[in-house]
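Comments concern the structure below.
Remember, predicted model here, so these are calculated numbers, not experimental data. Just so you know, these numbers use all the heavy atoms, side chains as well, and skip hydrogens, waters and symmetry mates. Chain A is the first sequence line, chain B the second, and so forth, proteins listed ahead of strands; every chain is numbered from 1.
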Number of protein chains: 4
Amino acid sequence: MLLIHLNTTDERPIYTQIADQVKFAIASGILTPGVLVPSVRELSKQLVVNPNTVARAYRELQSQRLLEPVRGTGLQISESAPDLCRTDRREYVRRRLRLAIEEARRSELDPQEIEQILREEWSNGNGRAE
Amino acid sequence: MLLIHLNTTDERPIYTQIADQVKFAIASGILTPGVLVPSVRELSKQLVVNPNTVARAYRELQSQRLLEPVRGTGLQISESAPDLCRTDRREYVRRRLRLAIEEARRSELDPQEIEQILREEWSNGNGRAE
Amino acid sequence: MLLIHLNTTDERPIYTQIADQVKFAIASGILTPGVLVPSVRELSKQLVVNPNTVARAYRELQSQRLLEPVRGTGLQISESAPDLCRTDRREYVRRRLRLAIEEARRSELDPQEIEQILREEWSNGNGRAE
Amino acid sequence: MLLIHLNTTDERPIYTQIADQVKFAIASGILTPGVLVPSVRELSKQLVVNPNTVARAYRELQSQRLLEPVRGTGLQISESAPDLCRTDRREYVRRRLRLAIEEARRSELDPQEIEQILREEWSNGNGRAE
DNA sequence: GTGGTCTAGACCACC
DNA sequence: GTGGTCTAGACCACG
């Protein structure tokens, strides 16, 4: 069962949030090759979201060869998806962290203070659920 | 002299880029209370941007009590601006880092790997001139 | 249904009149949390003003956390809006009255005479339908 | 000696503030017919204000027949000024108070609460020197 | 000269 | 359909 959590206050578009979480589910083995993702209508109902939004997320995933259509049945995880997602994921995480760190440096805040913040924020979340 | 650089590839709106750079200039002491910011028309000419866009940036800064109008003369840095900007900046940096870290966690990548990436990215930039 | 009336003789800008009337509507319970305000285009058509003017009014309300965007859908009254508007309204009324009274004092008119005027003007309006 | 206090945070234009205070000074007998008001240059220096601003205030006062030019000498208080100002002043004060009260009513705040605020604000200032 | 308001209209992302 | 961004240009009040 695929669990997706949307954050409407997040500035990122909803379709991106959906696509990213599908990718994470693939990378972590929750979704494996051959498994069908929920139908657009079903997922849109579950997430209380416009069907177009889910369709767009799936479209993105198809264009990245992570989902492939099975005629008359739905969309399934592709054979190559796990590999693609695992490397993607690492690069993605690295890139986001790098951007945040670069911006922190550009703010001309004292580097020691930045390091302090980094330490705090990293340890903050460790050990808690969600 | 206030130097503002617009990044057209940056996804953030122009007025935000302007406002943020004014804030950084205040936080780092380049702009001090009582100093007039460049006039809307002047800055818009310098940045090759519509005057309305600059005006909007300045309006945001006014609503945050960082700029105050001197009638018929222009907009000046408020007395309280430096304090506000310094704490703002810290909060801003912290928030960006926290969001990136939270997303990294959500990716279900191995925490040790995340920490490794964090270390690498942080030390990467240190020691180099930007 | 939200009814907004613009007063062209009022010296206050149109966007302020719009924003204030939305606030009053929230304070008096005509608009409740979760309700969508009329779309920018619709209200601008109804009021025969430029869409940008309505958008600006809504932007002010957003920056005061009274409206929040529902992406692709519109702007809704925030959960905290009623409380904010009710206290705001009281402060607003108080401020206007204080300013008028202060100016009356500064006029060096006999205080007894001012009090007399205050009484008259206050009782004048009571009991009549506006 | 004419004492004028400008409030730069007041939303009213400076030239209006100057003109009004001259009127109050006439109404209260500080300035009497035949007395010369300070020259534009002198008053502008004293108030740290653009000479144009003082000139405009004086222009308004002349157009209301409160000041009259004495060739080669300056502007003097007119014979009829005190009467004009005294009635003006009462009407002015009354009008400002009425407008504030009307707006308070329009806010649909509970009338009892408005009366409460009125009482508080009125008694607040009594007894203190400003 | 300054900022503020408003109009008109284009283009974009999102749902 | 929705709001958001940006441009272009007119007009106003203030100093």
Side-chain angles (χ1 to χ4, degrees), chain A residues 6 8 10-18 40 44 47-57 60, chain B residues 6 8 10-18 36-44 47-62 67-76, chain C residues 6 8 10-18 36-44 47-62 67-76, chain D residues 6 8 11-18 40 44 47-57:
Chain A
L6 296 182
T8 54
D10 190 336
E11 76 246 5
R12 285 164 43 215
I14 294 175
Y15 77 88
T16 306
Q17 296 186 42
I18 295 174
V40 167
S44 70
L47 298 179
V48 194
V49 141
N50 192 302
N52 287 330
T53 308
V54 176
R56 177 155 184 192
E60 304 272 322
Chain B
L6 295 182
T8 54
D10 191 336
E11 79 246 3
R12 291 175 328 165
I14 297 175
Y15 74 85
T16 304
Q17 296 187 42
I18 296 173
L36 293 172
V37 290
S39 81
V40 168
R41 289 162 174 83
E42 183 190 329
L43 188 55
S44 73
L47 298 179
V48 194
V49 147
N50 191 287
N52 283 329
T53 305
V54 176
R56 176 157 183 196
Y58 283 175
R59 207 186 310 138
E60 303 270 317
L61 294 169
Q62 278 186 75
L67 293 185
E68 54 193 20
V70 182
R71 270 180 306 203
T73 305
L75 297 165
Q76 71 179 10
Chain C
L6 295 184
T8 53
D10 192 336
E11 78 247 3
R12 291 175 327 166
I14 296 175
Y15 74 86
T16 304
Q17 296 186 43
I18 296 173
L36 293 173
V37 290
S39 81
V40 168
R41 290 161 173 83
E42 183 189 329
L43 188 54
S44 72
L47 298 178
V48 195
V49 293
N50 190 286
N52 282 328
T53 305
V54 176
R56 176 158 182 193
Y58 284 176
R59 207 186 309 139
E60 303 270 317
L61 294 169
Q62 279 186 74
L67 293 185
E68 55 193 18
V70 182
R71 270 181 305 203
T73 305
L75 296 166
Q76 72 180 9
Chain D
L6 296 182
T8 54
E11 75 246 5
R12 285 163 45 216
I14 294 175
Y15 77 88
T16 306
Q17 296 187 43
I18 296 174
V40 167
S44 70
L47 298 179
V48 193
V49 141
N50 191 303
N52 287 330
T53 308
V54 176
R56 177 155 185 193

5′-ward residue of the pair B:P38/A:P13 relative to DNA chain E: B:P38

Any sub-3.5 Å donor-acceptor pair from B:S44's side-chain atoms to B:V40's backbone N or O? yes

Between B:E68 (CD) and E:dG3 (P), how many Å, whole number? 14 Å

Over how many whole Å does the gap from C:Q76 atom CD to E:dC15 atom P extend? 14 Å

With sugar-phosphate meaning primed atoms plus P, OP1 and OP2, does A:Y15 contact a base, only sugar-phosphate, or nothing at under 4.0 Å between heavy atoms? sugar-phosphate

Short side-chain to backbone donor-acceptor contact, C:R56 and C:T16, under 3.5 Å: no

Roughly how far, to the nearest 0.5 Å, is CG of D:N52 from CD1 of D:I14? 12.0 Å

Partner nucleotide, any strand, of E:dC14 [Watson-Crick/G-U, under 3.5 Å]: F:dG1

Length of the line joining B:L75:CG and F:dC14:P, which is rounded to integer Å: 17 Å

Any donor-acceptor pair, under 3.5 Å, between the side chain of C:N52 and the base of E:dG9, if you only look at N and O atoms? yes

Mapping B:R41 and C:Q62 onto DNA chain F by nearest heavy atom, which one lands closer to the 5' end? C:Q62

Side-chain N,O (A:T53) to OP1/OP2 (E:dC14) below 4.0 Å: no

What is the minimum heavy-atom distance between B:L43 and B:P38, and which atoms define it? CB-CB, 4.2 Å

Do B:E68 and B:Q76 get their side chains close enough for a donor-acceptor pair, meaning under 3.5 Å? yes

B:Q17 atom CD is separated from F:dC6 atom C1', nearest whole Å, by 13 Å

Can you see if the side chain of B:S39 gets near the phosphate of E:dT2 - specifically, an N or O under 4.0 Å from OP1 or OP2? yes

Mind calculating the distance between CG (C:D10) and P (E:dC6) to the nearest angstrom? 11 Å

May I ask you to say what B:P69 touches in the nucleic acid, namely base, sugar-phosphate or nothing, with a heavy-atom cut-off under 4.0 Å? nothing

Name the residue closer to the 5' end of DNA chain F, choosing between B:P51 and C:Y58 according to the nucleotide with the nearest heavy atom. C:Y58

Can you tell me how far C1' of E:dG1 sits from CG of B:L36, to the nearest Å? 12 Å

Closest to the 5' end of DNA chain E, once C:V49 and B:V37 are matched to their nearest nucleotides, is B:V37

Rounded to the Å, how far apart are C:I14 CD1 and F:dC12 P? 14 Å

Whole-Å distance between F:dC12 P and C:E11 CD? 17 Å

Would you indicate what D:R56 reaches in the nucleic acid, counting non-hydrogen atoms under 4.0 angstrom: base, sugar-phosphate, or nothing? sugar-phosphate

How is D:N50 classified with respect to the nucleic acid when contacts are heavy atoms under 4.0 Å: base, sugar-phosphate, or nothing? sugar-phosphate

